[in-house]
Amino acid sequence: MAAGSEAFEHVKKTIVSAHESTLPGEKLTFYNSWAERYDLDVAVLDYRAPSLAANIMSSHFSSDREAAIVLDVACGTGLVARQMKSHGFRHFVGIDGSEAMLTIARESGLYQDLKQCMLGEGPLPAEKDWFDVVVIVGALSIGQVSVGVVRELCKSTKPGGHVCMTTRNNRANVEYKASLERELKQMEDEGLWTCLEVAEVEEWERAVSEDEDGYISGAVYLYKKL
């Protein structure tokens with residue numbers, strides 16, 4: 001087996017084990033143990049969500065990027081902040097459940113503040129109506145974060161600010177994605193925000209489940225708070 005194939009097989013096993021961890025404590029233990037290899041493994045996975053989200057966010061943001069304050073929810077090691085910095089954003093606050101992930105994010109020097117919080121277990125530890133941009137990449141999927149957290153994202157965003165979210169479109173996540181989109185539409189009907197763009201992306205990341213080959217698809221959602 002070639003080195004590249006061996007690396008991909010290792011990542012597949014890692015992702016599958018993540019899905020097998022269903023309790024919050026198990027999830028936290030898994031992500032803490034994965035932190036050191038996370039960036040390398042998602043590179044093998046050809047994980048494009050951070051760059052896709054940053055590109056779409058950037059294309060709609062017309063205010064002063066150097067002055068903008070970005071809340072990076074489920075920030076992990078800082079992949080999204082790194083991409084957004086390349087588009088001119090400079091001020092980042094990160095939230096994640098894994099202290100090991102936050103340690104690596106802290107070492108990156110990208111964040112002005114980092115907070116540990118298990119998402120979905122209460123309000124976000126963030127100021128309301130404060131952030132110019134709120135972004136969550138990777139966490140909105142089955143077995144990760146409940147759909148209801150999107151209301152917390154909206155609360156933290158200042159009026160006129162942007163909320164950027166992503167989800168996968170693999171077979172296991174189809175029902176979650178439909179539930180997420182219903183909630184996003186419900187919030188729009190309630191006058192909380194308006195949709196700026198929904199981008200469906202065919203090649204999101206390499207498939208890891210046994211019943212899927214090649215790449216799975218995914219989606220980026222961008223909303224403006226009213």
Side-chain angles (χ1 to χ4, degrees), residues 4 7-8 11-12 14-15 18 31 34-63 65-66 68-96 98 101-102 104-112 114 119 131-141 144-145 150 153 157 161-170 173 177 180 184 195-208 212 214-224:
F8 182 53
V11 173
K12 284 176 66 173
T14 301
I15 300 297
Y31 280 102
W34 194 19
E36 287 293 335
R37 285 198 55 86
Y38 181 79
D39 287 6
L40 292 172
D41 284 355
V42 296
V44 172
L45 196 62
D46 199 12
Y47 179 52
R48 301 173 178 179
S51 62
L52 291 166
N55 290 346
I56 288 173
M57 181 66 253
S58 177
S59 71
H60 285 270
F61 195 86
S62 57
S63 301
R65 298 180 187 196
E66 291 193 2
I69 304 174
V70 179
L71 178 63
D72 185 3
V73 180
C75 64
T77 60
L79 294 179
V80 175
R82 197 171 302 134
Q83 292 291 332
M84 292 192 69
K85 184 178 179 180
S86 72
H87 289 286
F89 294 91
R90 293 291 180 268
H91 297 280
F92 301 98
V93 174
I95 296 174
D96 200 88
S98 166
M101 291 279 189
L102 289 172
I104 296 173
R106 194 171 291 113
E107 291 169 353
S108 74
L110 291 166
Y111 296 89
Q112 283 69 54
L114 287 161
L119 301 179
F131 295 92
D132 299 279
V133 176
V134 176
V135 59
I136 184 168
V137 173
L140 290 173
S141 63
Q144 297 290 327
V145 176
V150 297
L153 307 180
T157 310
H162 296 71
V163 185
C164 185
M165 301 156 281
T166 72
T167 196
R168 296 171 178 84
N169 198 28
N170 55 311
N173 203 53
K177 184 173 184 284
L180 173 64
L184 300 180
C195 182
L196 297 180
E197 183 174 351
V198 177
E200 299 281 352
V201 180
E202 286 299 313
E203 294 190 348
W204 188 260
E205 63 187 47
R206 295 173 74 179
V208 298
E212 292 174 302
Y215 282 75
I216 64 168
S217 58
V220 180
Y221 307 90
L222 184 63
Y223 281 76
K224 183 176 182 179

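Just so it is clear, the model here is predicted, and its values are computed rather than measured.
V80 places none of its side-chain heavy atoms less than 4.5 Å from the side chain of F92. Using a 4.5 Å heavy-atom threshold, the side chains of M84 and V133 count as touching. Under the 4.5 Å side-chain criterion, counting only non-hydrogen atoms from C-beta, L140 is in contact with V150. Counting heavy atoms from C-beta on, the side chains of R206 and V208 never come closer than 4.5 Å. A 4.5 Å side-chain heavy-atom check between L180 and K177 finds every atom pair outside the cut-off. Looking at heavy atoms from C-beta onward, T14 lies out of side-chain contact with Y38 at the 4.5 angstrom threshold. A 4.5 Å side-chain heavy-atom check between L114 and C75 finds at least one atom pair inside the cut-off. Between L52 and T166 the shortest side-chain heavy-atom distance does not fall below 4.5 Å.
Ring geometry for Y31 against W34 counts as tilted: the plane angle lies between 30° and 60°, on a 0 to 90° scale.
Partners of S51 under the side-chain contact (heavy atoms from CB on, under 4.5 Å) rule, at least two apart in sequence or in another chain, are R48, Q83.
Distance CG/D72 to CG/D96: 8.5 Å, rounded to 0.5 Å. Interatomic distance, I15 CD1 to E205 CD, rounded to the nearest 0.5 Å: 7.0 Å. Note that the NE2 atom of H162 and the NE2 atom of H60 stand 7.5 Å from one another [nearest 0.5 Å]. Annotation: the span from N170 atom CG to S217 atom OG amounts to 8.0 Å, rounded to 0.5 Å. Interatomic distance, CD1 of I136 versus OG1 of T167, reported as 9.5 Å (0.5 Å rounding). For the atom pair CE of M57 and NE2 of H87, the computed distance is 10.5 Å after rounding to the nearest 0.5 Å.
The nearest pair of heavy atoms linking Y111 to G94 is CD2-N, 3.5 Å. Considering all non-hydrogen atoms of both residues, V70 and F89 come closest at CG2-CD2, 3.9 Å. Of all non-hydrogen atoms in P50 and V137, the two that sit nearest each other are N-CG1, 3.9 Å. Heavy-atom minimum distance, C164 versus L222: CB-CD1, 3.8 Å. In terms of heavy atoms, V42 sits closest to D39 at CG2-O, 3.5 Å. When all heavy atoms of A49 and W204 are compared, the pair lying nearest together is CB-CZ2, 3.3 Å.
For the residue pair R65 / S58, a side-chain donor-acceptor distance below 3.5 Å is found, with atom types taken as modelled.
In this structure, E36 places its CD atom where only 12 or fewer heavy-atom neighbours from other residues, nucleotides or ligands lie under 6.0 Å away. Other residues, nucleotides and ligands contribute more than 12 heavy atoms inside 6.0 Å of the CD atom of E200. By the 6.0 Å contact criterion, NZ on K85 is open, its count of non-hydrogen atoms from other residues, nucleotides or ligands being 12 or less.
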I would like to know whether F8 and L45 meet side chain to side chain contact (heavy atoms under 4.5 Å, CB included); could you show each step before the answer?
CA-CA 7 Å; F8 182 53; L45 196 62; 4.1 Å; yes
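The only member of R106, E107, M101 that meets side chain to side chain contact (heavy atoms under 4.5 Å, CB included) when paired with T77 is M101.
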